2 protein chains.
Amino acid sequence: MVSFESFVQTDGAPIYLQIIRHIKQGIAAGTVSDGEEMPSRRVLSALLGVNPNTVQKAYRLLEEEGLITSHSGAKSYLSLTEEKVAAVRTELMEGVVRTLVGAVKGMGVSREEALSLLEKLWDEEVR
Amino acid sequence: MVSFESFVQTDGAPIYLQIIRHIKQGIAAGTVSDGEEMPSRRVLSALLGVNPNTVQKAYRLLEEEGLITSHSGAKSYLSLTEEKVAAVRTELMEGVVRTLVGAVKGMGVSREEALSLLEKLWDEEVR
DNA sequence: AGAACTGTACTATGCTTATAATACAGTTAG
DNA sequence: CTAACTGTATTATAAGCATAGTACAGTTCT
């Protein structure tokens, strides 16, 4: 069963996008695998404290991307291949790089400053 | 005059927050300084192709933060001190690094991998 | 003084996000 | 079989974001 234990909703992004990203991160990390069972819409909405429609929106988009399969009445499962996993990993990595590079280009940040701050915040930012 | 030449609106964030971040990045980078003149609401909205009300919202929040001063009828100016600049710099850096750390942790990247990834991306993309 | 700018305020409309409350049909476990 | 789950769909409400248009008073410059 795909876990949402480490899910944190501190982001400014829409909830349904955070849910999608969380699942994609699990895919990229290899902590979830093909054929694994997804939490039902109702169960996950209760777990996260959000509306079932919000979870449904995330699941619908994930199905449109071909990452999960859903059939009316039955449970939903992850549908992964090596190609899909690689694509997800690339997508997430590119997002990280774009964010980082865009930010440091905007402000004058030294390489050492970035590295030391990364070390400092690494242990504070878990959950 | 504060420049918006390098402003790009590719972010998923609200426009008024992107405007605020752009100005804060200029402050952190030292490319803008205390007393410098801000573009008028109407001029900047035309330049960015957004609504004047959107720029006004960004400017109002910046004034509430004490980073600019506005008086009815007159132009707006940056109001900076060393303390404010340092605070802006810290705020931006923490946001960036928290995003980076959160992302790579979700993807199952270790602390050492994250540090080496940052070093690698830095050398490839910034230099 | 007058024209052209400035900040500021207000109303109205539309879209996206998120919630709430249902409803119905298919699947599955006891 | 039946009850409890599942996915899916619908309608309604509310907030935030962005737009459009208008208005008014203060300032700046010639």
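All values below were derived from every heavy atom in this structure, side-chain atoms included, with hydrogens, water molecules and symmetry-related copies excluded. By convention in this document, chain letters (A, B, ...) are assigned in the order of the sequence lines, proteins followed by strands, and residues within each chain are numbered from 1. For clarity, every value in this text was computed on a predicted model and none was experimentally measured.
- Rounded to an integer number of Å, the gap from Tyr59(A) OH to dG7(D) P is 8 Å.
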Encode nucleotides 9-15 of chain D as B, S and - characters from 5' to 3', where the letter depends on protein heavy atoms closer than 4.0 Å: B to the base, S only to sugar-phosphate, - to neither. -B-----
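- Here Glu94(B) pairs with Lys120(A), Leu121(A), Thr90(B), Arg98(B) under the side chain to side chain contact (heavy atoms under 4.5 Å, CB included) rule; sequence neighbours left out.
- Taking 4.0 angstrom as the limit, Arg41(A) places a side-chain polar atom (N or O) nearer than this to OP1 or OP2 of dT8(D).
- Judged as a side chain to side chain contact (heavy atoms under 4.5 Å, CB included), and not counting sequence neighbours, the contacts of Pro52(B) are Ser45(B).
- Regarding Leu62(B), its CG atom lies at a distance of 13 Å from the P atom of dG7(C), rounded to whole Å.
- Recorded end-axis angle for the helix from dA1(C)-dT30(D) to dG30(C)-dC1(D) stands at 20°, based on five pairs per end and rounded to 10 degrees.
- Asn53(B) is linked by a side chain to side chain contact (heavy atoms under 4.5 Å, CB included) to Asn51(B), counting only residues two or more places apart in sequence or in another chain.
- Heavy atoms only, all atoms of each residue included: Val55(A) and Leu44(A) are closest at CG1-CD2, 3.8 Å.
- Listed by first and then second residue, the salt bridge (charged side-chain N to carboxylate O under 4.0 Å, His left out) pairs involving residues 76-89 of chain B are Glu113(A)-Arg89(B) (not counting sequence neighbours).
- In this structure, the side chains of Ile68(B) and Tyr59(B) come closer than 4.5 Å at one or more pairs of heavy atoms.
- Across all their heavy atoms, Gln18(A) and Ala13(A) have their closest contact at NE2-O, 2.6 Å.
- Glu37(A) places its CD atom 14 Å from the C1' atom of dG7(D), with the value rounded to the nearest Å.
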Can you check nucleotides 16-18 of chain D for protein contacts, nitrogen or oxygen pairs under 3.5 Å, and list what you find?
from: dC17(D); atom 1: OP1; to: Tyr16(B); atom 2: OH; distance (Å): 2.8
from: dC17(D); atom 1: OP2; to: Lys57(B); atom 2: NZ; distance (Å): 2.8
from: dA18(D); atom 1: OP1; to: Ile15(B); atom 2: N; distance (Å): 2.4
from: dA18(D); atom 1: OP2; to: Ile15(B); atom 2: N; distance (Å): 3.4

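- Look at CG on Leu44(B): it is 16 Å from C1' on dT19(D), rounded to the nearest Å.
- Within the structure, every side-chain polar atom (N or O) of Ser76(B) is placed at least 4.0 Å from both OP1 and OP2 of dT6(C).
- Inspection of the Arg60(B) and Ser70(B) side chains reveals no N or O donor paired with an N or O acceptor under 3.5 Å.
- Nearest-nucleotide positions on DNA chain C place Pro52(A) closer to the 5' end than the other of Arg42(A) and Pro52(A).
- For Arg42(B), there are no salt bridge (charged side-chain N to carboxylate O under 4.0 Å, His left out) partners at least two apart in sequence or on another chain.
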Using a cut-off of under 3.5 Å, enumerate the N/O to N/O pairs linking the protein to nucleotides 25-28 of chain D.
from: dG26(D); atom 1: N2; to: Gly73(B); atom 2: O; distance (Å): 3.4

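- Considering only residues two or more places apart in sequence or on other chains, Glu63(A) meets the salt bridge (charged side-chain N to carboxylate O under 4.0 Å, His left out) condition with none of them.
- Lys57(B) meets the salt bridge (charged side-chain N to carboxylate O under 4.0 Å, His left out) test with no other residue; sequence neighbours excluded.
- Applying the salt bridge (charged side-chain N to carboxylate O under 4.0 Å, His left out) test to every pair with at least one member in residues 19-30 of chain B, sequence neighbours left out, gives these pairs: Asp11(B)-Arg21(B), Lys24(B)-Glu65(B), Lys24(B)-Glu91(B).
- No donor-acceptor pair closer than 3.5 Å links the side chain of Thr69(A) to the backbone N or O of Ser79(A).
- Using a 4.0 Å cut-off, no side-chain N or O of Ser70(B) falls inside it from OP1 or OP2 of dG7(C).
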